[in-house]
Chemist: 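Below you will find the structure I want to go over with you.
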There are 2 protein chains.
Amino acid sequence: MTSTDGSGPRPTKQRLAVLEALASVDDFRSAQEVHEILSSSGSPVGLATVYRTLQLYADQGDVDVLRREDGEAIYRRCSETHHHHLVCRSCGATVEVEGPAVERWTTSMAAEHGFTAVSHTLEIFGTCAACS
Amino acid sequence: MTSTDGSGPRPTKQRLAVLEALASVDDFRSAQEVHEILSSSGSPVGLATVYRTLQLYADQGDVDVLRREDGEAIYRRCSETHHHHLVCRSCGATVEVEGPAVERWTTSMAAEHGFTAVSHTLEIFGTCAACS
DNA sequence: GGCCGTTTGACAACCATTCTCAACTCTGAT
DNA sequence: ATCAGAGTTGAGAATGGTTGTCAAACGGCC
């Protein structure tokens, strides 16, 4: 796994390009979309590499992953603290929100039922002020 | 289509079989799993039909749909009141939980940012006591 | 019984994602 | 600089869930 051996993953050209592409938009994008962005911006990166890179950074917590309603995975570069998203159904605008109370609630709820290794997903969808 | 024309979908043998299969387990099951349950219980139903049926009832709100972490859609016959799920990653055991505080939090958070027509998803995944 | 719209099921098509593997690229040591 | 070896890449194939196709089967209804 090469997890904590000091060397860590190499910041290659391709990986930086993927991060940069994600940074250049501030919405959630699918791997396919990131791949297109890269192709049309003159620094094409193989699709498999895009997937690997997104997964890599997602595992490290450097990008957030969530699922569209049709199941496609979408990625976004986010702040490091744990948070959730308020997403506009119409234009895709995203607001990061924090809810310590929610974190506490999920944790205690899980503990109460004997669950361990707990993770949770919480997303809020709606229509933003500009779109309504 | 055929939404409110009085006739509605026909309660065919296959559709009832799908609902029954879902009722016979009280976990979330994927379409593929439902298909297997039906096959091995002596009332085989085509895979495409299982998908269509689950979608049909999901649209009607008779079954809940959510996504596993790998994106696969899973279905369950649920109580009608709004609630969330605590799901075991390993065996699929499910606990329905309610959290009025969470409902209030999401609502106020959305309002604060001018979002309307709000919905939300909240699922907790973990390893249950029996599986850990 | 026969007509007609609905439903079914076997199979192909789709599409996101992962796998394979040979070629390539860093990094560190000689 | 050169070499070796581990890490990384990319093209294409393989995988697997899901949806589309379409002819055959079914269920009411006259």
Side-chain angles (χ1 to χ4, degrees), chain A residues 1-22 28-60 62-76, chain B residues 1-22 28-60 62-63 65-76 92:
Chain A
M1 287 297 213
T2 76
S3 40
T4 44
D5 69 3
S7 63
R10 292 180 194 161
T12 64
K13 214 175 353 189
Q14 289 88 343
R15 288 177 179 167
L16 294 176
V18 167
L19 281 189
E20 201 171 319
L22 263 193
F28 279 93
R29 295 297 164 114
S30 69
Q32 310 269 352
E33 287 167 344
V34 170
H35 178 243
E36 281 167 29
I37 292 174
L38 289 166
S39 296
S40 61
S41 76
S43 33
V45 173
L47 184 54
T49 302
V50 173
Y51 275 101
R52 279 186 296 236
T53 303
L54 289 172
Q55 251 169 11
L56 176 69
Y57 286 117
D59 286 347
Q60 288 187 186
D62 291 332
V63 305
D64 269 12
V65 197
L66 62 91
R67 300 249 167 208
R68 289 210 176 113
E69 290 186 351
D70 68 350
E72 190 175 357
I74 50 180
Y75 305 83
R76 187 183 187 217
Chain B
M1 303 286 207
T2 76
S3 40
T4 45
D5 69 2
S7 64
R10 292 182 192 158
T12 64
K13 214 177 349 189
Q14 287 86 345
R15 288 178 180 165
L16 294 176
V18 168
L19 281 190
E20 202 171 318
L22 263 193
F28 278 93
R29 294 299 164 113
S30 68
Q32 312 268 353
E33 287 166 344
V34 171
H35 178 243
E36 279 167 31
I37 293 174
L38 290 166
S39 296
S40 61
S41 76
S43 33
V45 174
L47 183 55
T49 302
V50 173
Y51 274 102
R52 280 186 295 239
T53 302
L54 289 173
Q55 253 169 8
L56 175 69
Y57 286 116
D59 286 347
Q60 290 187 184
D62 291 332
V63 305
V65 197
L66 63 90
R67 299 255 167 202
R68 289 213 176 108
E69 291 181 344
D70 68 351
E72 189 175 357
I74 49 181
Y75 305 83
R76 188 187 187 213

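Letters A, B, ... are given to chains in the order of the sequence lines, protein chains preceding strands, and every chain is numbered from 1.
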Chemist: If a pair satisfies salt bridge (charged side-chain N to carboxylate O under 4.0 Å, His left out) and one of its residues is in residues 33-45 of chain A, list it, with sequence neighbours excluded.
Modeler: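 Every salt bridge (charged side-chain N to carboxylate O under 4.0 Å, His left out) pair that includes a residue of residues 33-45 of chain A, provided the two are not neighbours, is Glu33(A)-Arg68(A).
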
Chemist: Walk along nucleotides 13-25 of chain D from 5' to 3' and tag each nucleotide B, S or - by protein heavy-atom contact under 4.0 Å, base first, then sugar-phosphate.
Modeler: ----SBBBB----

Chemist: Please list, chain by chain and in numerical order, all residues satisfying salt bridge (charged side-chain N to carboxylate O under 4.0 Å, His left out) with Arg67(A), sequence neighbours excluded.
Modeler: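 Salt bridge (charged side-chain N to carboxylate O under 4.0 Å, His left out) check on Arg67(A) returns nothing, list empty.
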
Chemist: My understanding is that only residues two or more places apart in sequence, or in another chain, count here; which of them pass side chain to side chain contact (heavy atoms under 4.5 Å, CB included) with Leu47(B)?
Modeler: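 Only Gln32(B), His35(B), Tyr51(B) meet the side chain to side chain contact (heavy atoms under 4.5 Å, CB included) criterion with Leu47(B).
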
Chemist: Whole angstroms only, please: what is the CD-C1' distance between Glu69(B) and dT17(C)?
Modeler: 16 Å

Chemist: Around atom CD of Glu20(A), are there more than 12 heavy atoms from other residues, nucleotides or ligands closer than 6.0 Å?
Modeler: no

Chemist: Please enumerate all residues that pass side chain to side chain contact (heavy atoms under 4.5 Å, CB included) together with Val45(B), with sequence neighbours excluded.
Modeler: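 Val45(B) satisfies side chain to side chain contact (heavy atoms under 4.5 Å, CB included) with Gln14(B), Ala17(B), Leu38(B), Thr49(B), Val50(B) once adjacent residues are dropped.
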
Chemist: For Thr12(A), which contact category applies under a 4.0 Å heavy-atom criterion: base, sugar-phosphate, or nothing?
Modeler: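 Answer is sugar-phosphate: Thr12(A) comes under 4.0 Å of backbone atoms only.
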
Chemist: Report for the helix from dG1(C)-dC30(D) to dT30(C)-dA1(D): angle between first-end and last-end helix axes, five pairs each, rounded to 10 degrees.
Modeler: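 Axis angle across the helix from dG1(C)-dC30(D) to dT30(C)-dA1(D), nearest 10°: 10°.
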
Chemist: Roughly, in whole Å, what's the span from NE2 in His35(B) to P in dC11(C)?
Modeler: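 So the two atoms are 12 Å apart, to the nearest Å.
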
Chemist: Who are the side chain to side chain contact (heavy atoms under 4.5 Å, CB included) partners of Gln60(B), not counting sequence neighbours?
Modeler: Pro9(B), Leu56(B), Tyr57(B), Asp62(B)

Chemist: Identify, with sequence neighbours excluded, every residue that meets salt bridge (charged side-chain N to carboxylate O under 4.0 Å, His left out) alongside Arg52(A).
Modeler: none

Chemist: To the nearest Å, how far apart are Lys13(B) NZ and dC26(D) P?
Modeler: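 Roughly 7 Å, once rounded to whole Å.
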
Chemist: Taking salt bridge (charged side-chain N to carboxylate O under 4.0 Å, His left out) as the definition, give me every residue that meets it alongside Arg29(B), ordered by chain and number, with sequence neighbours left out.
Modeler: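 Partners of Arg29(B) by the salt bridge (charged side-chain N to carboxylate O under 4.0 Å, His left out) criterion, ordered by chain and then number, come out as Asp27(B).
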
Chemist: Could you give the CG-to-P distance, from Leu54(B) to dG9(C), as a whole number of Å?
Modeler: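 Answer to the nearest Å: 13 Å.
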
